[in-house]
There are 4 protein chains.
Amino acid sequence: MKAVVLTQKNAVEFSELPDPQTKNPEDVKVQLNAVSLCETDAKILDGSIPTKKHPIVIGHEGAGVVVDVGKDVKNTARGDKVLIDPNIYDTTCYACRDGFSNLCLSGGLMGREVDGVFQQFMIVPSRNVFLLPRNIPAEVAPLIQPFSTVVHGHRQVQINPGDVVVVLGLGVVGLMLAQLAKLRGAKVVGVDIVPAKLELARKLGIDVTLNSLEADPEPEVRSLTDGHGVDVAIEAAGVPDLIRKAMQMLRRKGTLLQFGISPKEVTYNMYDAYMKELVIQATRSSLPQDFEDAIRIVSQGKIDLNYQISKVFKFEEAKEAINFFHDRAKALKVIIKT
Amino acid sequence: MKAVVLTQKNAVEFSELPDPQTKNPEDVKVQLNAVSLCETDAKILDGSIPTKKHPIVIGHEGAGVVVDVGKDVKNTARGDKVLIDPNIYDTTCYACRDGFSNLCLSGGLMGREVDGVFQQFMIVPSRNVFLLPRNIPAEVAPLIQPFSTVVHGHRQVQINPGDVVVVLGLGVVGLMLAQLAKLRGAKVVGVDIVPAKLELARKLGIDVTLNSLEADPEPEVRSLTDGHGVDVAIEAAGVPDLIRKAMQMLRRKGTLLQFGISPKEVTYNMYDAYMKELVIQATRSSLPQDFEDAIRIVSQGKIDLNYQISKVFKFEEAKEAINFFHDRAKALKVIIKT
Amino acid sequence: MKAVVLTQKNAVEFSELPDPQTKNPEDVKVQLNAVSLCETDAKILDGSIPTKKHPIVIGHEGAGVVVDVGKDVKNTARGDKVLIDPNIYDTTCYACRDGFSNLCLSGGLMGREVDGVFQQFMIVPSRNVFLLPRNIPAEVAPLIQPFSTVVHGHRQVQINPGDVVVVLGLGVVGLMLAQLAKLRGAKVVGVDIVPAKLELARKLGIDVTLNSLEADPEPEVRSLTDGHGVDVAIEAAGVPDLIRKAMQMLRRKGTLLQFGISPKEVTYNMYDAYMKELVIQATRSSLPQDFEDAIRIVSQGKIDLNYQISKVFKFEEAKEAINFFHDRAKALKVIIKT
Amino acid sequence: MKAVVLTQKNAVEFSELPDPQTKNPEDVKVQLNAVSLCETDAKILDGSIPTKKHPIVIGHEGAGVVVDVGKDVKNTARGDKVLIDPNIYDTTCYACRDGFSNLCLSGGLMGREVDGVFQQFMIVPSRNVFLLPRNIPAEVAPLIQPFSTVVHGHRQVQINPGDVVVVLGLGVVGLMLAQLAKLRGAKVVGVDIVPAKLELARKLGIDVTLNSLEADPEPEVRSLTDGHGVDVAIEAAGVPDLIRKAMQMLRRKGTLLQFGISPKEVTYNMYDAYMKELVIQATRSSLPQDFEDAIRIVSQGKIDLNYQISKVFKFEEAKEAINFFHDRAKALKVIIKT
């Protein structure tokens with residue numbers, strides 16, 4: 001069986017691994033059909049996010065077909081098309097028990113702590129496998145994993161129809177956040193500095209797009225809301241200064257969703273938070289229920305993920321795919337058919 | 001009619017004012033029985049919080065007896081003992097309409113934007129008057145106003161019995177926050193640097209008290225929670241560094257309540273908030289429903305506010321009361337019987 | 001000034017009334033532009049819902065232009081287009097103070113407890129007046145009042161994108177409930193027994209429509225949801241047996257919204273509610289925040305209310321309009337331009 | 001190894017079973033220390049609740065010591081004192097994935113679907129084992145299982161300090177529901193028809209106790225709440241008529257918790273629910289987070305469960321214990337030390 005492994009930073013190779021077999025009663029064997037790469041993978045490849053071992057099979061976005069199941073598996077059977085949840089969790093720590101397996105104390109990610117999805121076959125616990133309806137194309141399926149984190153972020157905040165939501169940062173994930181806000185009935189304002197992203201946002205139906213290089217977006221956002229400010233502001237770029245900016249854009253009793261990930265320090269003014277009685281809400285990864293909802297939303301045709309697919313490669317071309325992905329000017333996402 | 005007015009900063013005088021009369025159909029005339037002073041009043045007196053006019057009748061904590069009502073008043077009648085809600089709000093801005101009159105766009109405070117409670121009689125709209133059950137002593141009644149802000153802060157956060165809650169800062173308000181956490185079934189840890197406050201906290205039944213001058217409280221807080229961290233951390237001192245400290249003390253999916261007021265900048269790490277999927281929740285002032293709950297809690301004997309009363313003065317002694325209150329080493333709160 | 005009054009049941013007359021003047025500082029004088037009739041009005045007209053007095057100006061759905069304001073009015077000024085909130089509430093009972101003015105202990109409705117909107121001018125407190133954006137046509141404005149009750153009903157239940165929601169009963173209000181569910185990202189199933197209503201539902205974009213006279217809708221609803229049942233079921237017909245039916249259609253942890261109004265008895269099985277850990281949630285009227293949201297949604301063009309307008313009459317034709325409305329086969333709603 | 005098995009209805013025997021061994025990597029072997037019986041067990045014993053197999057080891061309330069663990073077990077180790085969660089769930093159905101393993105589609109109960117806790121040793125998945133702090137006595141530990149269902153019920157409803165809560169039915173579980181309401185800061189009214197239960201409620205600190213045989217409790221409940229009605233009413237007897245009664249006792253926007261289990265039909269009036277905008281909330285079993293909270297509450301000494309222990313038996317006396325328990329006049333709960 002072939003797999004794409006990272007032997008050390010910046011060194012990706014094809015490797016021949018033994019065909020894995022189910023062992024535990026809740027094991028599922030999946031033949032991968034399509035996998036994709038994201039920003040986190042790029043950081044794992046260049047070593048800025050360390051892996052737990054070397055060599056490691058890369059990738060955490062993948063979907064395939066079930067080819068074998070352990071005797072206690074109830075949620076799937078041979079022949080099912082499935083999406084893989086790459087989150088490792090133990091089900092028994094306090095976070096898992098409180099319903100937050102995304103925060104598991106001994107949690108991890110496929111492709112970082114354990115072998116990932118860039119292989120022809122893999123064994124996963126049945127709880128990491130989600131049934132895919134037939135109407136979801138193979139090359140779209142892996143994209144549902146990052147979309148599940150968007151669903152999770154949205155779950156943290158209340159949005160009512162008619163609300164105005166601003167999304168700061170319109171990358172692959174920002175565009176999904178904006179689309180989902182619209183799907184929840186909000187009027188959505190997207191802010192970025194790259195004209196092509198703003199153009200794409202408009203194509204995806206985002207109501208208002210603002211280039212923050214051209215003008216401070218805050219006055220415009222305020223005028224769109226009778227001077228009150230937005231109901232929800234989503235920071236989707238991982239830039240601390242945008243947190244501060246987002247707080248200024250919020251109306252009284254507004255909510256700030258910290259979606260972007262950064263190791264940096266944020267500074268905000270206590271009095272500003274007090275005056276508007278604001279909430280700053282962080283979000284991390286996704287839960288099984290987010291996968292369920294994400295699959296339903298995609299299957300119902302309520303969200304467009306196709307715009308993300310810059311190019312589809314064959315499994316043999318995985319290295320070319322990685323190079324193509326590295327050149328971010330060209331690529332939003334690449335899909336590799338396994 | 002006599003009133004205590006601030007003519008300019010640091011200048012308090014007794015003044016003779018005309019006896020006010022009800023005019024609008026929803027007006028209520030109250031004869032004040034007891035008033036008290038808080039930290040905000042101290043800042044108004046010394047000018048660090050500016051008032052909207054001079055001279056101004058000071059004070060926003062007060063209770064009394066209804067002596068006259070306009071024809072449309074439904075919630076009270078002559079002879080009723082009432083607490084005064086000092087919050088001015090218009091009922092028609094978007095914040096009021098969304099249920100957040102505490103954030104009213106044209107909101108204000110008695111004793112700061114309009115005349116306050118340090119007078120023998122005053123006219124207030126009926127919505128600023130709350131019925132007091134007979135079993136609440138006159139000198140305790142004014143203290144229910146600051147307690148209502150504590151109830152409001154608690155309303156922002158979920159606390160389940162068995163939760164561990166840490167309160168950072170055990171001043172008059174911190175002690176109420178801690179007591180209310182205990183009343184909600186939590187195990188409560190109180191942190192301060194003043195031995196007398198920690199001693200008082202113990203007397204009031206706070207489970208664990210820690211002097212943060214003696215040792216960093218975080219390891220102790222962690223060990224009290226099986227190493228996980230607390231469910232809820234309440235910053236009650238208005239010190240930015242305590243926000244950071246509170247975030248470290250929180251368990252995954254924990255909530256930080258920013259209760260303390262400060263014009264200062266807070267710095268936190270985005271990654272820390274992300275890893276634990278934290279919430280930072282601000283709180284401001286109180287709502288009518290908080291007054292209702294605060295009165296019920298006090299009337300049911302579920303909270304001890306008496307510890308706050310350092311000394312009771314007569315109305316004629318208002319200036320001595322203010323001086324006594326300024327000397328904070330001696331006084332938590334002073335009550336002035338009008 | 002002309003007004004349409006009900007002198008006794010089934011007796012509607014034009015009446016000449018004195019031009020009303022603002023008196024209290026928070027009064028607003030509105031010149032009505034358009035009013036409409038609903039099911040409740042029909043019952044008031046035929047006496048099955050009693051009014052508090054006779055004669056009474058009828059109607060509770062109306063919009064107009066502000067022509068005068070009292071000195072303390074902050075939310076509107078002469079010349080503003082406004083919607084009227086017909087709910088009377090005192091702001092000082094426990095329900096109002098808890099944020100539920102829709103449940104006010106001394107609450108009432110214009111056109112039932114006090115004079116209504118079928119007059120050329122009227123005085124209302126400023127809190128009963130909501131600013132209308134310019135892009136909302138005069139004849140649509142009155143329909144926002146019933147829509148606000150739909151917004152209120154939806155506020156009681158959580159709906160996530162991808163959820164499946166069933167609406168039982170597709171009258172004027174049922175169709176708004178269904179549209180709003182769709183606007184929140186749900187897949188919506190509409191059930192009725194009248195082919196024309198089902199046809200209209202399809203035109204309005206409802207995903208699945210089922211005629212419950214042709215077949216029991218439950219198996220079909222179940223098959224649409226992988227056999228699990230729907231996330232939310234909304235009873236919108238006021239038929240007790242549909243409550244029972246709705247409970248059967250729900251998935252585990254599902255929510256039943258009791259929107260339809262009926263004086264009848266509902267029977268449900270305790271064990272069924274237990275097994276699925278269901279919630280039955282009632283809803284009543286609407287709150288100021290519902291008006292705000294309803295106006296925003298209509299102004300953003302996110303909902304179609306025009307389908308409701310069967311015919312537009314002149315104010316002089318009010319009696320013809322009422323007759324036309326009584327003949328429900330022809331009319332969903334009638335608009336009367338005043 | 002000895003076990004107490006039900007061979008057919010009303011036929012309990014001691015049986016010699018093979019000492020069980022861990023097999024799966026997440027298995028835990030527990031040596032039982034103490035077990036207890038509840039109402040459900042009584043119904044299983046007399047056949048009114050059928051079991052999935054015969055013979056079956058009875059019992060679902062039990063605690064013990066870990067004597068062996070599989071290689072992937074993270075939450076416990078040899079020598080730990082543990083409580084057993086008797087709920088079987090698959091972690092992969094939609095209910096489990098949505099965070100409601102208590103509603104698992106293939107769920108079951110130890111002692112009913114699979115062998116229970118009345119044996120000297122048993123194998124359970126690690127997710128069914130909860131660590132017990134040292135300060136919880138062995139004979140109290142099994143009682144935490146039913147208490148976890150009380151915690152779960154309470155989790156469904158919001159209770160604020162100062163609220164008034166009525167509990168209808170003061171059996172073993174009703175008394176825990178009442179105590180927990182008090183622990184959350186509520187004023188609690190308990191209603192029953194058995195003087196001894198009302199006496200016990202008073203001893204446990206319930207604020208007001210009413211014998212509904214002596215007088216209709218509704219007027220008294222209403223007068224305790226200024227005529228408004230209670231914030232939360234909990235039906236804890238499984239009597240449909242009490243649901244109706246509870247609805248009458250509720251204030252506007254109140255919540256009814258349907259805790260009692262019954263196969264019977266409830267009848268309520270749609271208009272009553274509408275007028276007060278009520279919620280009827282069912283509850284079922286408990287979740288892992290409820291076990292965590294229940295253990296914390298007991299360990300913090302915040303609830304008294306000892307009153308339940310009528311008598312402690314040795315394991316050899318299990319049959320006498322069952323007979324003693326059957327004679328409910330004498331026994332609330334019996335503990336069997338294994």
Side-chain angles (χ1 to χ4, degrees), chain B residues 75 80 99 130-134 136 144 147-148 150-165 176-177 179-189 205 207-208 224-228 230-231 251-253 287 289-303, chain D residues 75 80 99 130-134 136 144 147-148 150-165 176-177 179-189 205 207-208 224-228 230-231 251-253 287 289-303:
Chain B
N75 59 323
D80 285 340
F130 288 79
L131 230 52
L132 286 171
R134 294 182 182 284
I136 298 179
I144 300 178
F147 180 50
S148 76
V150 165
V151 169
H152 185 69
H154 266 273
R155 196 184 295 284
Q156 318 299 316
V157 297
Q158 210 189 332
I159 294 178
N160 294 317
D163 279 4
V164 182
V165 174
M176 286 191 281
L177 285 160
Q179 279 189 87
L180 191 50
K182 198 157 167 62
L183 183 56
R184 295 177 78 183
K187 179 171 181 174
V188 182
V189 183
D207 299 285
V208 181
L224 283 167
T225 54
D226 300 326
H228 301 155
V230 297
D231 301 272
R251 62 147 68 189
R252 293 175 185 219
K253 204 67 192 175
L287 285 167
Q289 66 208 88
D290 302 312
F291 276 86
E292 295 245 307
D293 283 5
I295 291 168
R296 291 210 284 181
I297 293 167
V298 172
S299 173
Q300 291 172 11
K302 290 188 191 299
I303 195 146
Chain D
N75 59 324
D80 285 341
F130 289 79
L131 230 53
L132 285 170
R134 293 181 184 283
I136 298 179
I144 300 177
F147 179 51
S148 76
V150 165
V151 169
H152 185 70
H154 266 273
R155 195 183 296 283
Q156 318 298 317
V157 297
Q158 210 189 331
I159 293 178
N160 294 318
D163 279 3
V164 182
V165 175
M176 287 191 281
L177 285 161
Q179 279 190 88
L180 191 50
K182 200 159 167 58
L183 183 55
R184 295 177 77 183
K187 178 170 180 175
V188 183
V189 183
D207 299 286
V208 181
L224 284 166
T225 54
D226 300 327
H228 302 154
V230 298
D231 301 272
R251 65 148 66 189
R252 294 176 184 217
K253 204 69 191 171
L287 286 167
Q289 65 208 88
D290 302 311
F291 275 87
E292 296 246 306
D293 283 4
I295 290 168
R296 291 209 285 179
I297 294 167
V298 172
S299 173
Q300 291 172 11
K302 289 188 192 299
I303 195 147

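From a predicted model like this one, the values you see are computed outputs, not experimental measurements. Every chain is numbered from 1 and lettered A, B, ... according to where its sequence line falls, protein lines coming before strand lines.
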Top contributor to chain B contacts, counting heavy-atom pairs under 4.5 Å, from D/Asp163, D/Leu180, D/Val298: D/Asp163
4.5 Å side-chain heavy-atom contact, B/Asn160 and D/Gln289: no
Heavy-atom pair with the smallest gap, counting every atom of B/Pro161 and D/Leu183: CB-CD2, 3.8 Å
Selection from B/Arg296, B/Gln300, B/Gln158 maximising heavy-atom pairs under 4.5 Å formed with chain D: B/Arg296
Side chain, backbone, both or neither of D/Lys302 within contact of chain B (heavy atoms, under 4.5 Å): side chain
Which portion of B/Ala186 sits near chain D, non-hydrogen atoms under 4.5 angstrom: backbone
